[in-house]
Amino acid sequence: MPKTDPKSLPSAYDHEAAQAKWYPIWEERGYFHADPQPVLQGKKKPYSIVIPPPNVTGALHLGHALNNTLQDILCRRKRMQGYEVLWMPGTDHAGIATQAVVERRLLAEEGKSRHDLGREGLVERIWKWKDQYEERITGQLKQLGCSCDWERQRFTLDEVCARAVRETFFKLFSDGKVYRGKRLVNWDTFLQTAVSDDEVFHEEVKGHFWSFHYPVIDPRPGEPATVTIATTRPETMLGDTAVAVHPDPAGQLDKVEAELTEKLAAAPAKERAPIEKQLETLAERRKTHLPKLEKLRDMAERGVMLKLPLTDREIPLITDEWAKPELGSGCVKITPAHDANDYEVWQRNDPIGAINILNPDGTLNDSVPEKYRGLSMKDARKAVVADLAEGGFHDPEADVADRLIDLAHSDRSKTPIEPYLADQWFVKMGDRFVSSEGTYQWAKHAHEPVPVDADKGPPARALREGGLAQSAMDSVERGEVGVVPPRYAKTYLDWLGEKRDWPVGRQLWWGHRIPVWTKRFDGKAERDAAIEEAGELCRMDWERDEQVSYNCREWDPDTFIGVSYMCLREDEPELISAIEAAGYVRDEEVLDTWFSSALWPFSTMGWPEETDLLKAFYPTSVLCTSRDIITLWVARMVLMGKYLLGEVPFPQVYIHPKILDGFGETMSKSKGNGVDPLDVIEQFGADALRFGIAYLTTETQDVRLPVEFVCPHCSANLKQTKKNRVLPRIDCPECGEAFRTQWAEKPEDLALPRGPVTSERFELGRNFCNKLWNASRFALTNLEGFSASNSQLATPDSQLKLEDRWLLSRLGTVTEQVSSALDDYRFADAARALYDFAWNEFCSFYVEMTKARFAEEGPDKQVAQAVLAHGLDVLLRLLHPMAPFLTEEVWSLLNEVAPVRGLPEPAEAVESVCVAQWPRAQSGAEGISPRSVEIEDQFAKFQAVLGAVREVRQAQKIPPKEPLQFTVKCDATTANLLEPMQPYFTQMARATATDLGPEAASPEIAATKPIAGFESAIEVHVDIAQFIDVEAEKKRLAKEQAQLTKYIAGVRGKLSNEKFVANAPAEVVEGEKGRLAEAEQNLAAVEAALAKL
RNA sequence: GGGCGCGUAGCUCAGUUGGUUAGAGCGCUUGCUUGACAUGCAAGAGGUCGCAGAUUCGAGUUCUGCCGUGCCCACCA
């Protein structure tokens, strides 16, 4: 291979070239491929991470860049530490989001709906989209430099994952942890589909608040004959199954009053009026409403029924805390099938039942009286209100008109959402009920709790215990899974503690189809036949000698109406046809995306097969994710890992910060404040992006990134504001030319050149990379003629100069800092340590000092070369996880001039920094020049003296080229130390020390700078006879004097405080005394200098 | 309403168990062009650490309350 001439290297780091060059080479050489064999043979320790799979439809944004950069930093370092590393990549099929995107495109581009294509057609279409999107995501990750094992890439809907999903569902079903229940969903009557909470937006609309009377059946004398209820949705009254009143209205009013009083006492004057008004209203209510409510409560406890107007139904008056005596009439109608709160009331008061009055298209169904059937909700409302008024059930005076109502709308169709009670598959999160009435077990495949003691009825209210959720809680509580930072454990535990059952079905086509077949039966005869039939189907299964099917039955014990379910472990055609021939119908729904995500740490490794991969790499080493999916994803992975493999999927969860925009808001495409990492990579380079991210990733804070557009015409940066951030086109105020943004949609906008969105905060990373690049160029140029023998340092102490030992010591310290920071996921600390060391020490001092040594051939030059090569080598290794491309590029160039380097040097060149050993804290210096606080401290003296001279030059406005002379009054040790640094004072400050030591005289006309912070005083006196600006020097000294005086007064005060001297630790007191003495000495020097001027 | 954060220099942020004269980057001011780097070098200005109390010899750091701000969850018949 021809050698590169270091002098021909460009003066700016070419990130584009390095990125294009190295990634393919890394892949080709298989650096990222994980081999289970060395682990299984005990030769290497495993380290594994599964990627949080990005949604296939989404292009990656900066949040992903952060998430993946951090994982890559961890993986690359572990690889260098000799672990066999598996970083498992993949994508998520993201059911709803993906289907929605593809459906939208289908409609926009072809004018077709999903019904035009049919289930299979649509799914096939989505698969095609998926390949395209996935490729883009993969490409973005590669551009970022992510060292994923691409040969093992998975997709949550691929065959391997599907197998795991089927096995899991089958096991849950067989264990009786799956049941069929009712659940309220957000029903989009236009699209006739359920939409997730995320796809619902709330909009205030003007509404009307009606009051109606429901007649009481057979009231006793003195009791109210009607119950008044208020509602914004009168049409739902057709589905009412109860009216509720609070069980203790007086108590509740007391409680509300007490709260208000407390609030009033604490409220500032201007806020008092409305609270006082509320209190008045409350007092008024006690008179007007309370007696009636208490009567109603008694009636409810007696079991009084009400006549539901417009229907022939009777509904109970019940007590429930949901009814707020301080609001409305104090009573509330209960429509469990069409309101989330009423649904909860139903859960607490099981016998009242629920009536679904809607057809999927949003019209009223057969459960309502004939005259309303088929009406839309809107028409039904008019009819119901009119009929109630006609029947005398309406109380118009109590109505509230023009009330603003927060109404849920579907994000996709923009039509109002109807809460709709749908059959759902649930996974049980708890397995026991415990209440004051006793302990209850879950019935198998049913959601009703059954008492352990058969005499008791179901409990009214109970805590759930045990089960899947509990096992996941235990894992965190016992420390099997550690959460970093620990405060996030609370989110996890609180959520799991509710033990809410997991509704796992989704009314979609894109996803893992639920492997259950259903058959209804009606009556005893049909039921018995179904049981027999199921038995036969199972025998057919047994012949296959594997458990391929399972069945269960549910029925009403009185009527024998029920359903029989068959769950198949695999899609075996023969069994399916047998089952379907028997009248079983396959479930239409698919599983929640999180169901397959929950299996991700092991489904990706081939579970349920006992693969080598699984044996070698499960459990994984850490999960790295953002806080918003702690519940949805992390908790469920732990739960499933414990349930299916008996082992937690990861011993640690690292929760990283989120990236926010300049206004502190989460970045998202819909807000228009998102930044495309490719824009940043293009402008600043992947290394700059990565380093910048690491530098910003602190523990407590989210990362705020003020965002700006870059004009493609004139490169002007335009701050993004709340106003311009969603504009499709912007006219550049600098050059007047227009450009388009990522939100351009119209053809005329799309024709304009695109203005990328970036953040100037990545300049730090770019500048740093460039700094390192140039330091490397310097080193490469000056390592000409370097040979391995040059680096042999047989008698190091005699040959190493102070700066060599200093650098070697510092390398050890920095290695230690970076290592421990990365061990604790303190990425910012690691990045800062490297930044400061590389820039302020390696470049500003060591490289500067070697310039003087390279000027002359000889052993000193050779030592400098050896140390420089070694220093750069260690720096590249430490920096590689954060800046892989830059470090690899420089590594390869360094290999050309100094293939064998380091102290002690390896036997041969290491071909890539990817596979180089991570430095040990003592490594470079080990056995030759150990880490030494003394050396670092000594060197700091030199740095301080140099700084003093430079400061005087600036203060006196002495031109940089003008030579200076100075003396240093210091103890003999310091003088001996400084003496050999003479060439560097010349080199770095154009100054010569004419006298050093305890007796050093100050020049006749001098600027004086005392140096604080060392055990003995150091005074620097710069000869300024030729240049003097007396006023400037006086000013400078006066400032020093003021500072010192103030400081001395402070310390004296402290020391004269007897309590301080008595209570503070001796070392603190001693420290103060020492500093006081030093400050006093410095002050004396300053005052002497002032007097002399 | 519940939970979790954050408020330190003009901006974005560090600040380990309380103990030197509170730091960095950007921006700003001043001075520097020929050999690593103007994506740079040298120096400087800029902070009563949101407010008020408490604990302590000592508080940016601990506690309480308030103000401001953000995120998550629940909810508004």
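Letters A, B, ... are given to chains in the order of the sequence lines, protein chains preceding strands, and every chain is numbered from 1. Computed over heavy atoms, backbone and side chain alike; hydrogens, waters and symmetry mates excluded.
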Rounded off to whole Å, could you give me the CZ-to-C1' distance for the R704(A) and G5(B) pair? 12 Å
Tell me what R627(A) touches on the nucleic acid: a base, only sugar-phosphate, or nothing, going by heavy atoms under 4.0 Å. sugar-phosphate
If I pick the P atom on C75(B) and the same atom on G65(B), what distance separates them, to the nearest angstrom? 27 Å
Is any side-chain heavy atom of Q817(A) closer than 4.5 Å to a side-chain heavy atom of T813(A)? yes
When both hydrogen-bonding distances must be under 3.5 Å and the geometry is Watson-Crick or G-U wobble, what is U29(B) paired with, if anything? A43(B)
Spell out yes or no: do the side chain of Q956(A) and the base of A43(B) have one donor N/O and one acceptor N/O closer than 3.5 Å? no
Provide the distance between the two C1' atoms, one in U39(B) and one in C63(B), to the nearest whole Å. 47 Å
For G68(B), which nucleotide is its Watson-Crick or G-U wobble mate, given both distances must be under 3.5 Å? C6(B)
Nearest nucleotide by nearest heavy atom, which residue falls closer to the 5' end of RNA chain B, Y13(A) or T231(A)? Y13(A)
Using purine N1 to pyrimidine N3 plus N6-O4 or O6-N4 for Watson-Crick, or N1-O2 and O6-N3 for G-U wobble, both under 3.5 Å, which nucleotide pairs with G53(B)? C63(B)
E682(A) atom CD, over 12 foreign heavy atoms within 6.0 Å: no
Per-nt protein contacts along nucleotides 25-35 of chain B (heavy atom under 4.0 Å; B base, S backbone sugar-phosphate only, - none) come out as SS---S-S---
Quantified in whole Å, what is the P atom distance between nucleotide A22(B) and nucleotide G27(B)? 25 Å
Under 4.0 Å, counting only non-hydrogen atoms across every strand here, what does R766(A) touch: a base, just sugar-phosphate, or nothing? base
Using Watson-Crick or G-U wobble geometry with both distances under 3.5 Å, which nucleotide pairs with U34(B)? none
For atom CD of E1040(A) and atom C1' of A43(B), their distance in whole Å: 14 Å
Hey, does the side chain of N774(A) come within less than 4.0 Å of A36(B)'s phosphate (OP1/OP2), counting only N and O? no
Flag side-chain contact, heavy atom, 4.5 Å: V384(A) against L238(A): yes
Any side-chain heavy-atom pair of Q865(A) and F854(A) under 4.5 Å: yes
What distance, rounded to whole Å, do you find between the two C1' atoms, one in G23(B) and one in U8(B)? 10 Å
Would you call E784(A) and K7(A) a salt bridge, using N to O less than 4.0 angstrom? no
Between C1' of A36(B) and OH of Y846(A), the distance in whole Å: 16 Å
Students often mix this up, so state it plainly: with edges at 30° and 60°, are the rings of Y846(A) and F842(A) parallel, tilted or perpendicular? parallel
When you get a sec, tell me which of C37(B), A77(B), G3(B) is the closest nucleotide to the side chain of K490(A)? G3(B)
Would you say the base of C57(B) stacks on F1060(A) (centre-to-centre below 5.5 Å, plane angle below 30°)? no
Rounded to whole Å, CG of N770(A) lies from P of G40(B) at a distance of 7 Å
If you draw a 6.0 Å radius around CD in E16(A), do more than 12 non-hydrogen atoms from other residues or ligands fall strictly inside? no
Test item: L834(A) and L875(A) side chains (from C-beta on) under 4.5 Å apart, heavy atoms: yes
Once you apply a heavy-atom cut-off of 4.0 Å, does N1057(A) come out as touching a base, just sugar-phosphate, or nothing? sugar-phosphate
When rounded to whole Å, the CD1 to P distance for the pair I229(A) and A77(B) reads 13 Å
So what does R1075(A) hit on the nucleic acid, given a heavy-atom distance under 4.0 Å: a base, only sugar-phosphate, or nothing? base
Residue mapping more 5' on RNA chain B - nearest nucleotide basis, N1063(A) or N782(A): N782(A)
Between G58(B) atom P and K1059(A) atom NZ, what is the distance in whole Å? 7 Å
Work out how far the C1' atom of G5(B) is from that of G40(B), and round it to whole angstrom. 39 Å
Which is true for C769(A) with a 4.0 Å heavy-atom rule: it touches a base, it touches only sugar-phosphate, or it touches nothing? nothing
Whole-angstrom distance between G31(B) and C72(B), as gauged at atom P: 50 Å
With rounding to the closest Å, how many angstrom separate the P atoms on G53(B) and A59(B)? 14 Å
If you define the side chain from C-beta out and look only at heavy atoms, does anything of Y835(A) sit under 4.5 Å from L764(A)? yes
Give a yes/no on whether any side-chain N or O of W839(A) is located under 4.0 angstrom from OP1 or OP2 of C41(B). yes
Can R1036(A) and E1033(A) be counted as an ion pair, charged N to O under 4.0 angstrom? yes
Spacing of F762(A) atom CZ relative to C13(B) atom P, expressed in whole Å: 13 Å
May I ask which nucleotide in the shown strands pairs with U48(B), Watson-Crick or G-U wobble, both distances under 3.5 Å? none
Taking H338(A)'s backbone N and O only, do any of them form a donor-acceptor pair with R233(A)'s side chain (distance below 3.5 Å, no angle check)? yes
Under 4.0 Å, heavy atoms only, any strand: does E951(A) hit a base, just the sugar-phosphate, or nothing? sugar-phosphate
Separation of the C1' atoms in U21(B) and U64(B), to the nearest angstrom: 31 Å
Please give the nucleotide sitting opposite G23(B) as a Watson-Crick or G-U wobble pair, both distances under 3.5 Å, or none. C13(B)
Nucleotide paired to G1(B) in any strand shown, Watson-Crick or G-U, under 3.5 Å: C73(B)
Counting side-chain heavy atoms from CB outward, which of A42(B), A36(B), U21(B) is closest to Y1047(A)? U21(B)
Specify the separation, in whole Å, of atom NZ of K771(A) and atom C1' of U39(B). 10 Å
Taking any heavy-atom pair under 4.0 Å as a contact, classify A230(A): base, sugar-phosphate, or nothing. sugar-phosphate
Answer with base, sugar-phosphate or nothing: what part of the nucleic acid does R233(A) contact at a heavy-atom distance below 4.0 Å? nothing
